[in-house]
Structure formats: structure tokens, C-alpha cells
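Side chains included, hydrogens not; waters and symmetry mates left out as well; all remaining heavy atoms used. We're numbering straight along the sequence, starting at 1.
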Amino acid sequence: MNIIRLLESVSLDKSKIGSFSNQDFTEVKKQLIAEKENNPEIEDSHISQLLEALKKNADSFLIVLNNRILFNFLSGKDYPRTYFSNSVPAVETEKIKAFVQQFFGEELLSFFNQNLETNKFNEISHLAEAKELFPDNLNYNLKQHSLDKIDEAITALKPPYGNLSKVLYIKDSYFFAFLNQIKDNAIEEKIEHLLESVTNLYKLDHNSELANKTFSAMSRYIPFDADLAQKVKRNKDIGESNFEAHRPKKKNRTWIYVVVGIFVALRIVLFINSSNFDNFTNGNDGNYDDDTEYKSEPPKIDRYYTNMKYAIDSFQVFLADFKESEIRQMKQDVSLKTGENPFETFYKNPPTADSNHFITVTNKTGYDMVLLENTVLYDSIKMPRSAHFIKAGDALEINFNSGYTETIFNMYLGKKWATFQTVANKNPFIRNHSVLEYRFSQLVPAAEQILKTDYRFINDATISYSKGGLDIDSNGAKVNPLDEYKK
């Protein structure tokens, strides 16, 4: 028990500290001994320390007792600012630091080390506001730990990427609030290097949660350098807007209804424009200038949809364009089951609506399969909808057709579902937990060509593999790419 908690356990007028008489000390000692009888946590050494602080270090003790941050931490209380007095004696800073080291040094050091080791920065970012009263050895310890943390993150963010799950603390705004309390030129230099590393990750993947959240979190750090401050602010704005736009939202089906509404509206407009209204008049003489030509302005489609081809192509490159010899730092997932959606960054949306259109897909290829389901909008724009994992030899029933849009499937086949780095690391997609998206580490021959091939499914399909390609049939009827097949 520290001396502040002990002091709080007895009724003592703190305003008298520094002016106690011998009789007052005798009364305080009696109170402490009586309290010890009721509280087994109190030891004789605790009483001796408190009496020493009151007798020999009253001025420094008063400084600590009236520092809201230190007092609330050491007492376990949460008193407001109005509880504390501004009328405190003038004491040399070094004398206060020596007092804090003598009576609270081990407790503070242990608390900071424990939270730094477990990457918990909420409480220590708040406590570090009192760093001006910390002993020099504690401040030095905090600085070294902080530099190590930043270095660890910078190293992990250099290609080939390290284990990013170990540096998720850079997404925590309290981490940067803590750094802001103890910053100096050395820390600021490291912060600038970290910002460069996160920016490079962002350039590779604008949807990276790690990059976008780090940009936002870093705004809690206020740089000395004005140019760096501007960079931090710009990246905060970019990161927050980007992450909000791409943040996964479970079962958010609003977008498909909006798209369908636009699709239907466009159909109505095209119907009206193509109809013959020559026999109708405007209620007057019915005469129009024959030379007047009326042209409808072509509809404008959101770039989100027109840019999707590039996004899908990039994802396919990530999934299939690598060599097994290039694989590094592989971690396999053996828990994935038939019917699950294995992705978090792309094809993450569930089917948009139930329908009466069910098909059963049977995988007899000898490889595990991910069936990629796409919606076709505006007659030509392919939008990712969902992904269905089907183990080798398994079958899966899929309810896929919304009734308003066309559905196209692509097939991704291989073995050993895993997350891993590659030497080239082309078009990386990073999951919410800041590791590379999972994919097959062993691919079926001609995996890239198979993945690029589009199929329409109408009825149940059995898929097998031979001679470097897929064979798809329903009751013996062979199916070609983009051919609808019926029983």
C-alpha cells in the first residue's frame, strides 16, 4: 500500500500538512495503528514511510497531493479538478522528482512497463501528463520503450511485411496521445518515418484498415515541426474519409436497392425515349419545328461501379498470380468449412436478397474451391457480391438470383488455404486484422485462366477438372463459359 492510499484511509486534514506539531504527529500515528488493526494490507513499514513523508518531505508531498493526475492514480480515486488546491509551496523540481522516486518510483515503473508490454495505452497516456514530476530514470525508460515500439512498427511495415498483428497498437489513438506527452526530437523523427511507412502501405491498398486507422489515430500526436503537422492532418482527413467509405458493414443491403432503383429508372427512361409520341399534341396547334432535335443526355454512372473491373482484376491478380517458390511466412487455416465466405476485404457482402432460385454446386475437381458470385449491373458492369467455399468432394446449395439482376460466377481452385507473403507481393489485400487476405498456397494448373472465366448457372452443376480445364455438366449436359444450361 502506498502512502497516499494509507493517508486516504484515515481522517486527516491535508491543509495542515507542513505545520504539524509533535502532538499532531502522535495523534496521526495512533490513527494509523488503529487502522492497521482493521486492514491487514497495512504494514508497519507503510506507517513509517507515511510519517517520514509528513515530517521530512511535507512540501514535496503537498505538490503530489495536489497534482490531480498523480493523486488520482496513486489513490485509486477520480476526484475532479475542484478537489485540488492551487495554493502549493514552491519546491525545486528535482526535489519533487526525488520524492516521487523514493515513495512511488517502483509502483509507477511497474504500471508503465506492464501496460507497455500489453499495448494498453489508455491509462498511461493519461498518467504521462504528469511526466514533469517523474524521476529521470522513469522518463528515460518510457522514451526507450516508445522508440522500440515505433521501430517495431516501422520494421513490420517494410516489404516483405512482418507480422502486422503484433503492431496493431499503431491504430490506437491513445498510443499517439501517450507519445505526445513524452515527445522529444528523437521520438518525432521516428514518428515521421512511421508515417512514411504507413503511407506506403496505404498506396498499395487504399482500403487497408491498418493504414486508414493509423492515419486517424496519429492525429493525437501534435508535432513540433509545422510541415509534419500538416502531413498528419492531411492524412487524417484522407484516412477517415477512405475508411468510412470502405468499412465493412454487416448485412447492409441498402446499396443494392439503390442500384436496382437506378437500373429500373434507366429502363423506364429508355422506354419513354424509344416510344413514338408523334400523334400527341401539347394542347395547342400541335406544330413543332421540324429542325429541332431533342437529345437525351446519357446517364451518369457512379465511378464506384465503373472502376469495379479494375478492382476485380486486381483481386484476381492477388489470388492467382504468384509462384509457390515465392511464398514466405505462411500461416494455414484448416478450420474453413463448406458454405463459409472466406474473405473479409473483397466479396465480403452476403447475397442481397432471397429468391426461389436455388442451385446445388458439387465440387469433384479434387481441389478446394471458392465460388465467386457477381451481380451484373447496367448490362455490363460486374459487381462482387459474395464468395462460397466448397471443399473437395462437397456440395453446396446456393440461393443466388435476386430476380432483377444477372448473376455471373468465377471459380478459384487450389489447396492449403493460408495467409502468406510473396516476394513480389502484387496487389495486396489486407484483412481487418491487418494480415494479408487468405488464398490458396497451392493452385490448380491454369488457375489464372480458370479464375478469369465467367459462367452462368441456371440449374444444379457438377464441376470436375481434367486436361488443364474445368468440365461442368448437369445430367450429362456439358456447359460452356457464359452458356446457360437447362435440364
Side-chain angles (χ1 to χ4, degrees), residues 256 259 305 308-309 311-320 336-343 345-414 417 437-440 443-444 446-466 468-475 477-487:
I256 193 65
V259 172
Y305 305 106
M308 191 52 68
K309 182 181 186 303
I312 290 178
D313 289 346
S314 296
F315 191 58
Q316 290 185 354
V317 168
F318 170 74
L319 292 179
L336 193 59
K337 297 180 177 59
T338 293
E340 293 183 350
N341 186 334
F343 298 127
T345 59
F346 214 58
Y347 287 94
K348 58 183 178 291
N349 293 316
T352 56
D354 292 334
S355 74
N356 294 323
H357 199 154
F358 293 87
I359 63 167
T360 298
V361 177
T362 303
N363 177 13
K364 290 189 175 181
T365 64
Y367 294 86
D368 293 334
M369 172 193 299
V370 179
L371 194 63
L372 303 175
E373 180 183 345
N374 310 280
T375 299
V376 178
L377 302 174
Y378 306 107
D379 295 329
S380 61
I381 300 177
K382 189 164 68 173
M383 301 288 294
R385 179 186 291 174
S386 190
H388 313 273
F389 185 78
I390 310 176
K391 280 186 173 292
D394 282 359
L396 178 66
E397 186 179 63
I398 301 172
N399 179 351
F400 72 89
N401 197 325
S402 69
Y404 295 98
T405 55
E406 186 180 21
T407 301
I408 284 177
F409 291 93
N410 298 95
M411 282 169 276
Y412 178 50
L413 288 90
W417 191 252
E437 185 66 86
Y438 283 72
R439 48 189 163 166
F440 290 120
L443 299 173
V444 66
E448 290 183 72
Q449 186 59 42
I450 291 173
L451 180 58
K452 291 178 181 178
T453 304
D454 295 334
Y455 287 87
R456 293 189 184 99
F457 291 161
I458 300 299
N459 294 314
D460 296 346
T462 299
I463 304 172
S464 57
Y465 173 81
S466 64
L470 296 184
D471 294 322
I472 306 175
D473 66 80
S474 176
N475 291 341
K478 298 296 181 181
V479 181
N480 296 318
L482 285 182
D483 280 350
E484 296 182 352
Y485 65 93
K486 301 178 180 179
K487 294 182 180 178

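Here Ser464 pairs with nothing under the side chain to side chain donor-acceptor pair (under 3.5 Å) rule; sequence neighbours left out. With sequence neighbours left out, the ring-ring contact (aromatic ring centres under 6.0 Å, His included) criterion links Phe343 to Phe315, Trp417.
To the nearest 0.5 angstrom, Ile390 atom CD1 is 5.0 Å from Leu396 atom CG. Expressed to the nearest 0.5 Å, how far CD1 of Ile463 lies from CE of Met411 amounts to 4.5 Å. In this structure, Asn341 CG and Tyr347 OH are separated by 11.0 Å, a value rounded to the nearest 0.5 Å. Ile398 contributes atom CD1, which lies 4.5 Å from atom NE2 of His388 (distance to the nearest 0.5 angstrom). To the nearest 0.5 Å, the span separating CG on Asp394 from NZ on Lys337 amounts to 12.0 Å. Here the straight-line distance linking atom CD1 of Ile450 with atom CG of Asn410 works out to 11.5 Å at 0.5 Å rounding.
Phe346 places none of its side-chain heavy atoms less than 4.5 Å from the side chain of Leu319.
Side-chain atoms of Asn374 do not come within 3.5 Å of backbone N or O of Arg385 as any donor-acceptor pair. Between the side chain of Tyr412 and the backbone N or O of Arg439 there is no donor-acceptor pair closer than 3.5 Å. Using a distance-only test at 3.5 Å, with no hydrogens or angles considered, a donor-acceptor pair links the side chain of Thr338 to the main chain of Lys391. With Asp454 contributing its side chain and Ile408 its backbone, the two residues share no donor-acceptor pair below 3.5 Å. Put simply, the side chain of Asp460 gets close to the backbone of Thr360: a donor and an acceptor are under 3.5 Å apart.
Minimum interatomic distance between Ala320 and Leu443 (heavy atoms only, all atoms of both residues): O-CD1, 3.4 Å. Taking each heavy atom of Ala392 and Asp368 in turn, the nearest pair found is N-OD1, 2.9 Å.
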For this session: Carefully, step by step, assess Leu372 and Leu451 under the rule side-chain contact (heavy atoms from CB on, under 4.5 Å).
Result: CA-CA 9 Å; Leu372 303 175; Leu451 180 58; 3.7 Å; yes
For this session: Report the C-alpha separation of Leu413 and Leu470 in whole Å, then their side-chain angles, then the decisive distance to 0.1 Å, and conclude whether the side-chain contact (heavy atoms from CB on, under 4.5 Å) test is met.
Result: CA-CA 10 Å; Leu413 288 90; Leu470 296 184; 4.3 Å; yes
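Ring-plane geometry between Tyr465 and Tyr367 is classed as perpendicular, the angle between the planes exceeding 60 degrees on a 0 to 90 degree scale with a lower cut at 30.
Open room surrounds CD on Gln449; 12 or fewer heavy atoms of other groups in view lie less than 6.0 Å from it.
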